[in-house]
Amino acid sequence: MTVRTRFAPSPTGYLHVGGARTALFSYLFARKHGGQFVLRIEDTDLERSTAESVNAIMEGMTWMGLDYDEGPFYQTQRFEHYHAAIQELMDKGLAYRCDCSKERLERLRDKQMAAKVKPRYDGHCRGRQVDPDAPHVIRFSNPVDGAVIVDDMIRGRVAFANSELDDLIIRRSDGSPTYNLTVVVDDADMGITHVVRGDDHLNNTPRQINILKALGKEPPRYAHVPMILGSDGSPLSKRHGAVSVVAYRDMGYLPEALLNYLVRLGWSHGDQEMFSLEEMIALFDIGDVNKAASTFDTDKLDWLNQHYIQHGDPAHIARLLSPHMGQIGIDPATGPDLVDVVAAQGARAKTLKELAEISAFCYRDFEAFDEAAAKKHLRPAAREPLQRMRAGLEMLALEDWEPETLHHVVERVAAELELNMGKVAQPLRVAVVGRAASPGIDITLQLVGKEATLRRIDKALAFIAEREAAAS
RNA sequence: GCUCCCUUCGUCUAGCGGUUAGGACGCUGGCCUCUCACGUCGGUAACAGGGGUUCGAAUCCCCUAGGGAGCGCCA
């Protein structure tokens with residue numbers, strides 16, 4: 001038997017990180033066992049389902065690299081299958097028509113709540129003859145006694161008494177099938193062997209198993225993964241900030257970082273923290289998934305993202321960085337090779353967005369000096385070092401504009417003035433970058449280029465003169 | 001209210017009857033150093049509470065507390 005898993009989102013919004021993690025686990029389980037992973041769109045709620053959402057979900061999955069082998073299948077295109085299943089249950093006497101009014105159901109519910117018992121349908125229409133031509137719903141005849149055992153791959157054995165379950169509606173009065181019926185039919189038709197889904201479905205599982213058995217189908221294995229919480233301990237939602245995976249892409253996170261973060265949320269393999277997708281597939285074991293919900297921690301995601309920016313292939317990072325440069329109005333073609341920028345700056349940014357911002361100086365002059373940096377480093381004492389640097393740099397041929405030679409110039413000026421490196425490099429750095437932080441001064445000068453370097457030193461010298469004039 | 005699930009440092013987690021309760025993020029101290037980062041060495045901090053079972057419980061059982069989910073003609 002080949003393993004088949006599925007991801008079955010309802011297209012009512014974007015792919016959020018919780019759904020993405022569920023999809024990832026489902027995907028890893030299938031890949032790990034050499035099986036197939038299918039995508040199914042649960043769009044039977046016509047009111048809320050949108051085509052944009054379908055696109056957004058697929059966009060998110062593609063970005064994360066979660067490729068599916070089959071699908072997307074749309075439930076709205078499978079109504080004939082649901083109707084056939086409902087008819088089968090009717091024929092077998094395992095489903096019945098119900099014409100109970102909303103009022104009666106409400107009264108029943110109120111009475112049950114008042115009596116402190118679980119509200120559920122009382123089976124009033126079981127065995128009653130309901131006019132097929134009058135408005136009615138169809139209910140599933142749930143077994144009255146006995147228990148359903150869910151042998152969950154994550155939770156272990158969970159038992160539900162049938163007496164706790166009621167006769168749920170499987171077809172609405174408008175003729176459309178309901179969720180618990182459609183999942184069951186789809187999972188059976190699509191040959192799903194393992195259902196990996198959020199643990200909010202655990203309570204639905206015994207009902208689904210009962211329907212499956214009534215249809216004469218073998219239930220799949222289940223794995224209910226815990227949910228993801230926000231920093232305040234409540235289920236992760238928009239009010240905790242970004243939840244859509246595409247939003248993380250736009251904020252400058254790498255797919256490999258988000259994937260790595262997500263897989264470690266609720267799953268672990270000893271003490272290992274870093275996993276490539278290939279390693280995840282090789283090492284993943286659904287039984288190692290935790291039972292408890294876990295909290296989304298942006299700090300750790302940042303750490304991983306920085307790690308992947310720093311250690312990933314610079315050419316790859318540069319490609320992903322390019323749109324973020326464009327985002328702040330910079331055309332990377334107008335300056336140094338982005339790959340060199342990534343190599344120089346990679347260790348300094350948590351996100352690509354941040355990487356773009358701290359690298360802007362390589363492509364265009366900054367607006368103004370950072371106030372604190374200028375105050376500390378662009379003072380009269382810096383004039384001579386800057387002047388000498390300018391002179392020394394101006395004499396360099398363009399082909400000598402390289403880290404090694406640039407470094408020598410800085411060293412020479414420091415030696416001549418009997419200053420330590422910092423006294424020369426820092427004013428120079430502020431002059432050229434506008435801020436007190438940048439890669440090594442030689443690399444920085446190389447990235448900025450000769451022309452801009454001289455121009456900016458002049459600007460800094462003018463700034464010092466101006467400041468001196470203002471002070472006297 | 002009822003049913004089901006969950007509970008190890010602030011956070012992610014290791015642990016599957018015998019450990020000084022380990023790692024990671026964060027925070028923090030030192031080192032490295034032309035700055036910021038990176039790197040590196042160190043520190044901080046946890047078994048929700050109470051009963052059992054056992055020679056011995058973070059590990060097994062029960063209760064309590066606290067979280068969560070479900071109880072729709074939503075999925």
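Residue numbers start from 1 in every chain, and the chains themselves are labelled A, B, ... in the order their sequence lines are given, proteins ahead of strands.
- Base pairing of B/A14 is not made with any nucleotide, judged by Watson-Crick or G-U wobble geometry with both donor-acceptor distances under 3.5 Å.
- Residue A/Asn203 places no side-chain N or O under 4.0 Å from the OP1 or OP2 atom of B/G68.
- Look at the P atom in both B/A58 and B/C9: the space between them is 15 Å, to the nearest Å.
- With hydrogens and angles ignored, a donor-acceptor pair closer than 3.5 Å exists between the side chain of A/Arg348 and the base of B/C36.
- Distance CD1 (A/Ile358) to P (B/C38): 11 Å, rounded to an integer number of Å.
- In this structure, the ring of A/Phe7 has its center no less than 6.0 angstrom from the ring center of A/Tyr68.
- The side chain of A/Phe160 lies closest to B/C4, out of B/C4, B/G23, B/A75.
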Please write out the pairs of protein N or O atoms and N or O atoms of nucleotides 60-66 of chain B separated by less than 3.5 Å, giving the distance to one decimal.
none

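- Heavy atoms from other residues, nucleotides or ligands lying under 6.0 Å from CZ of A/Phe361 number more than 12.
- When rounded to the nearest whole Å, the span between NE2 of A/His16 and P of B/A75 equals 16 Å.
- The nearest pair of heavy atoms linking A/Ile154 to A/Ile286 is CG1-O, 3.7 Å.
- The CE atom of A/Met227 sits 19 Å away from the P atom of B/C4 (whole-angstrom rounding).
- Using cut-offs of 30° and 60° for the angle between ring planes, the A/His83 and A/Phe79 rings count as tilted.
- Taking a pair to require two hydrogen-bonding distances under 3.5 Å in either a Watson-Crick or a G-U wobble arrangement, B/C2 pairs with B/G70.
- Between the P atom of B/C71 and the CG atom of A/Asn162 lies a distance of 17 Å, rounded to the nearest Å.
- A donor-acceptor contact under 3.5 Å is not formed by the side chain of A/Asp200 with the base of B/G70.
- Pairing of B/U54, defined by two Watson-Crick or G-U wobble distances under 3.5 Å, is not identified with any nucleotide.
- Taking a pair to require two hydrogen-bonding distances under 3.5 Å in either a Watson-Crick or a G-U wobble arrangement, B/A65 pairs with B/U7.
- For the pair A/Lys116 NZ and B/G1 P, the interatomic distance rounds to 7 Å; values are reported in whole Å.
- In the interface, the side chain of A/Glu273 is paired with the base of B/G23 through a donor and an acceptor atom under 3.5 Å apart.
- Between B/G22 and B/U44, the two C1' atoms lie 16 Å apart (nearest whole Å).
- Sorted by residue number, the list of members of residues 404-418 of chain A with any non-hydrogen atom under 4.0 Å from RNA chain B is empty.
- To the nearest whole angstrom, the two C1' atoms, one in B/A57 and one in B/G68, are 28 Å apart.
- Comparing A/Lys350 and A/Gly270, the nucleotide of RNA chain B nearest to each residue sits closer to the 5' end for A/Gly270.
- Put simply, the residue from A/Thr22, A/Asn204, A/Thr205 that forms a side chain to side chain donor-acceptor pair (under 3.5 Å) with A/Arg197 is A/Thr205.
- With P as the reference atom, B/C63 and B/C5 are 12 Å apart, rounded to whole Å.
- In this structure, B/U59 makes no Watson-Crick or G-U wobble pair, since no nucleotide meets both defining distances under 3.5 angstrom.
- Proximity of A/Arg109 to the phosphate of B/G72: a side-chain N or O atom is located under 4.0 Å from OP1 or OP2.
- Within residues 372-389 of chain A, no residue has any heavy atom closer than 4.0 Å to RNA chain B.
- Counting non-hydrogen atoms of other residues, nucleotides and ligands closer than 6.0 Å to NZ of A/Lys450 gives a total above 12.
- Distances were taken from every side-chain heavy atom of A/Ser268 (C-beta onward) to each of B/G1, B/A37, B/A14; the shortest belongs to B/A14.
- Counting only residues at least two apart or in different chains, side-chain hydrogen bond (donor to acceptor under 3.5 Å, both in side chains) contacts with residues 45-56 of chain A comprise A/Asp45-A/Arg48, A/Thr50-A/Ser53.
- Going from the C1' atom of B/C41 to that of B/U8 covers 27 Å, rounded to whole Å.
- Donor-acceptor pairing under 3.5 Å is lacking for the side chains of A/Thr351 and A/His324.
- For the residue pair A/Asn180/A/Thr178, the side-chain donor-acceptor check at 3.5 Å is not satisfied.
- What separates NE2 of A/His224 from P of B/G70 is a distance of 12 Å, to the nearest Å.
- Between A/Asn162 and A/Asp145, the side chains place no donor N or O within less than 3.5 Å of an acceptor N or O (distance only, hydrogens not considered).
- Taking a pair to require two hydrogen-bonding distances under 3.5 Å in either a Watson-Crick or a G-U wobble arrangement, B/A75 remains unpaired.
- Listed in residue order, the members of residues 292-312 of chain A having a heavy atom less than 4.0 Å from RNA chain B are A/Ala292, A/Ser294, A/Thr295, A/Asp297, A/Asp299, A/Lys300, A/Trp303, A/Gln306, A/Gln310.
- Checked by distance alone, A/Arg155 brings no side-chain donor or acceptor within 3.5 Å of a matching partner on the base of B/C5.
- Looking at residues two or more places apart in sequence or on another chain, you find a side-chain contact (heavy atoms from CB on, under 4.5 Å) between A/Ser234 and A/Asp232, A/Arg239, A/His240.
- Between the base of B/C73 and the side chain of A/Ser173 there is a donor-acceptor pair shorter than 3.5 Å.
- Side-chain contact check for A/Tyr179 and A/His201: at least one donor-acceptor pair (N or O, by modelled atom type) lies under 3.5 Å.
- For the P atom pair drawn from B/G39 and B/G26, the interatomic distance equals 9 Å after rounding to whole Å.
- Atom P of nucleotide B/G70 and atom OH of A/Tyr121 are separated by 24 Å, given to the nearest angstrom.
- Between A/His269 and A/Trp267, the ring-plane angle classifies as parallel under the 30° and 60° cut-offs.
- Atom-to-atom, CD1 of A/Ile228 to P of B/C12 comes out at 11 Å; the value is rounded to the nearest Å.
- Annotation: A/Tyr261 is in aromatic contact with A/Phe296 [ring centroid separation under 6.0 Å].
- The 5' end of RNA chain B is approached more closely, in terms of each residue's nearest nucleotide, by A/Val117 than by the other of A/Val117 and A/Tyr179.
- Inspection of the A/Asp43 and A/Gln75 side chains reveals no N or O donor paired with an N or O acceptor under 3.5 Å.
- Comparing B/U11 with B/G29, their C1' atoms sit 22 Å apart, to the nearest whole Å.
- In terms of phosphate contacts, A/Thr44 brings a side-chain nitrogen or oxygen within less than 4.0 Å of OP1 or OP2 of B/A75.
- When only modelled atom types and interatomic distance are considered, A/Asp167 and A/Tyr96 share a side-chain donor-acceptor pair under 3.5 Å.
- To the nearest whole angstrom, the two C1' atoms, one in B/A45 and one in B/C25, are 13 Å apart.
- For A/Lys459, the NZ atom sits in a packed shell: over 12 heavy atoms of surrounding residues, nucleotides or ligands are nearer than 6.0 Å.
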